[in-house]
2 protein chains.
Amino acid sequence: MTRMHKENNLSKNQQIIFDLIDKSPEPLKAYTILFNVQKKGINAPPQVYRALDKLVEIGKIHKIESKNAFVACKNSDCEISKATAFSICESCEMVDEISDTKLSKYLSSFNHKKGMKFKRFNLEFFGICKKCK
Amino acid sequence: MTRMHKENNLSKNQQIIFDLIDKSPEPLKAYTILFNVQKKGINAPPQVYRALDKLVEIGKIHKIESKNAFVACKNSDCEISKATAFSICESCEMVDEISDTKLSKYLSSFNHKKGMKFKRFNLEFFGICKKCK
DNA sequence: TTAGAATTGTTATAATATAACAGTATGTAA
DNA sequence: TTACATACTGTTATATTATAACAATTCTAA
């Protein structure tokens, strides 16, 4: 029907959902996203989850596993989400992507004794942020 | 009615569920656990989740966040689950707890630029294990 | 021995995620 | 420009993961 919005390589639904996540200061959950995009014609969970899956796959967003929530990638170092690290405040729930070259290199070169070669890692740090202290 | 089984500091349900997880070579999901303990009189999800919460809290088990599954702690270094690291095979789903003093020290002493002091971390490495290669 | 804390049992329901199927848009190569 | 493959969309239904709320029992420590 109408042209897809391919300017950024993203499809219409992907772009809508990425924009929402990108401008959110907080990680967003799938059903919060669904609620917020219903006015744009995205009506059902599979539409949201499909866009989320794709955005994760291409590294535009990351899933915070401990919270089942999604944040936009703020970091050029984590090419296609191979090496992610986050700082999570247990009080206000704020999540910050950690961009630390030394940390990233250290972990990327870490290999398991049992002969396993790692392709990817996800690290989540928990604490109380400056504001909440 | 009957005495609780406190020999190990665990209540009856906690002990039943810990035993099941501890002898499993694979991470177990909550509803898999539920199915497997119904013959022992644990009938409903809250009973399972309460035991899991407690076992996580006291460090007897860990939750693998990316899989919503639970493994017994095999590691004396992660006192009360403050510092956990896992190796996860993306092919066979095998999960191994990583016990590496250097890694643990490195991460435990890592602090965020933005003034956040971390109390806890969880790290999940992904790859293809030796067997699956 | 009794009060508080922890644990248990139970029903119902909330929150998170996917299966399956039919249709539409897009890119590309003949 | 047709036709094919691939990716994306829309939709209904359902599977999976997790918690709320309440009543009762058991444990522990004073």
Side-chain angles (χ1 to χ4, degrees), chain A residues 1-21 26-71 80 93 95, chain B residues 1-21 26-71 80 93 95:
Chain A
M1 190 206 280
T2 77
R3 290 185 65 75
M4 280 199 181
H5 302 191
K6 278 288 189 181
E7 301 85 39
N8 306 300
N9 254 352
L10 298 181
S11 73
K12 177 174 136 285
N13 288 359
Q14 288 160 16
Q15 188 70 57
I16 291 168
I17 287 171
F18 175 73
D19 287 345
L20 183 69
I21 295 171
E26 300 282 327
L28 294 179
K29 288 170 163 272
Y31 277 74
T32 304
I33 293 168
L34 176 57
F35 178 80
N36 278 283
V37 296
Q38 281 180 330
K39 49 182 160 313
K40 304 218 167 166
I42 297 175
N43 303 302
Q47 296 176 290
V48 172
Y49 281 102
R50 281 188 300 224
L52 290 172
D53 287 349
K54 188 67 182 184
L55 290 167
V56 166
E57 185 192 326
I58 65 179
K60 299 282 286 179
I61 65 172
H62 302 302
K63 182 173 188 183
I64 308 300
E65 294 287 356
S66 62
K67 301 169 77 70
N68 298 316
F70 299 84
V71 294
I80 321 290
E93 312 268 286
V95 171
Chain B
M1 189 209 279
T2 75
R3 290 184 65 75
M4 281 198 179
H5 303 189
K6 278 287 188 182
E7 301 84 39
N8 307 299
N9 253 354
L10 297 181
S11 74
K12 177 173 134 286
N13 288 0
Q14 289 160 14
Q15 187 70 56
I16 290 169
I17 287 172
F18 175 73
D19 287 344
L20 183 69
I21 295 171
E26 301 282 328
L28 294 179
K29 287 168 163 274
Y31 278 74
T32 304
I33 293 168
L34 176 56
F35 178 80
N36 278 283
V37 296
Q38 281 180 330
K39 49 181 158 314
K40 303 218 167 165
I42 296 174
N43 304 301
Q47 296 177 289
V48 172
Y49 281 101
R50 283 189 298 225
L52 290 172
D53 287 350
K54 188 68 183 183
L55 290 167
V56 166
E57 186 193 326
I58 64 179
K60 299 282 288 182
I61 65 173
H62 303 304
K63 182 173 186 181
I64 309 301
E65 294 287 355
S66 62
K67 303 169 77 71
N68 299 315
F70 299 84
V71 294
I80 321 291
E93 311 270 285
V95 171

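A, B, ... follow the sequence lines: proteins, then strands. Residue 1 opens every chain.
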S.K.: With distance as the sole test, does B/K29 use its side chain to make a donor-acceptor pair with the main-chain N or O of B/K67 at under 3.5 Å?
M.R.: yes
S.K.: Quick one: are B/V37 and B/Q47 in side-chain contact, heavy atoms under 4.5 Å?
M.R.: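 Sidechains of B/Q47 and B/V37: no contact.
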S.K.: Output the rounded distance in Å from CD1 (A/I64) to P (C/dT16).
M.R.: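 After rounding, the reported distance stands at 15 Å.
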S.K.: Whole Å only: how far is the CG atom of B/L34 from the C1' atom of D/dT17?
M.R.: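 These atoms are roughly 12 Å apart.
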S.K.: In whole angstrom, what separates A/I17's CD1 from C/dA17's P?
M.R.: 14 Å
S.K.: In this structure, how many angstroms lie between the P atom of D/dC8 and the CZ atom of A/F18, rounded?
M.R.: 16 Å
S.K.: Does the side chain of A/K29 get closer than 4.0 angstrom to OP1 or OP2 of C/dT16 through an N or O atom?
M.R.: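 Yes, such a contact exists.
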S.K.: So which heavy atom on B/Q14 is nearest to which on B/N9, and how close?
M.R.: OE1-O, 4.3 Å
S.K.: Just N and O in the side chain of B/K12: are any of them under 4.0 Å from OP1 or OP2 of C/dG9?
M.R.: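 It does, given that an N or O in the side chain of B/K12 lies less than 4.0 Å from OP1 or OP2 of C/dG9.
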S.K.: Rounded to whole angstrom units, what separation is found between the CD atom of A/Q15 and the C1' atom of D/dC8?
M.R.: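 So the two atoms are 15 Å apart, to the nearest Å.
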S.K.: Grab the two heavy atoms, one from A/G41 and one from A/N43, that are nearest each other, plus how far apart they are.
M.R.: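 Shortest heavy-atom contact: O-ND2, 3.2 Å.
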S.K.: Is any side-chain heavy atom of A/R50 less than 4.5 Å from a side-chain heavy atom of A/N13?
M.R.: no
S.K.: Rounded to whole angstroms, how far apart are NZ on A/K67 and P on C/dT16?
M.R.: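 These atoms are roughly 11 Å apart.
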S.K.: Round to the nearest Å and state the distance from A/F35 atom CZ to C/dA15 atom P.
M.R.: 13 Å
S.K.: Provide, to the nearest angstrom, the distance between the NZ atom belonging to B/K40 and the C1' atom belonging to C/dT7.
M.R.: 18 Å
S.K.: Counting only non-hydrogen atoms, which of residues 46-55 of chain A are less than 4.0 Å from DNA chain C?
M.R.: A/P46, A/Y49, A/R50
S.K.: Does B/N13 make a side-chain N or O approach to OP1 or OP2 of C/dG9 shorter than 4.0 Å?
M.R.: yes
S.K.: OP1 or OP2 of C/dA17 less than 4.0 angstrom from a side-chain nitrogen or oxygen of B/N68, does that happen here?
M.R.: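 Answer is no, no contact under 4.0 Å.
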S.K.: Any donor-acceptor pair under 3.5 Å joining the side chain of A/Y31 to the base of C/dA14?
M.R.: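 No pair found.
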S.K.: Does A/K63 put a side-chain nitrogen or oxygen below 4.0 Å from OP1 or OP2 of C/dA17?
M.R.: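 For C/dA17, OP1/OP2 do have a side-chain N/O of A/K63 under 4.0 Å.
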S.K.: So, applying side-chain contact (heavy atoms from CB on, under 4.5 Å) with A/I17, which one of A/L34, A/I61, A/I33 is it?
M.R.: A/I33
S.K.: Does B/S11 put a side-chain nitrogen or oxygen below 4.0 Å from OP1 or OP2 of C/dA6?
M.R.: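 Checking C/dA6 against B/S11, no side-chain N or O comes under 4.0 Å of OP1 or OP2.
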S.K.: Taking all atoms of both residues into account, what is the closest heavy-atom pair of A/I21 and A/F70, and its distance?
M.R.: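 Nearest pair, atom of A/I21 first, then A/F70: CG2-O, 3.7 Å.
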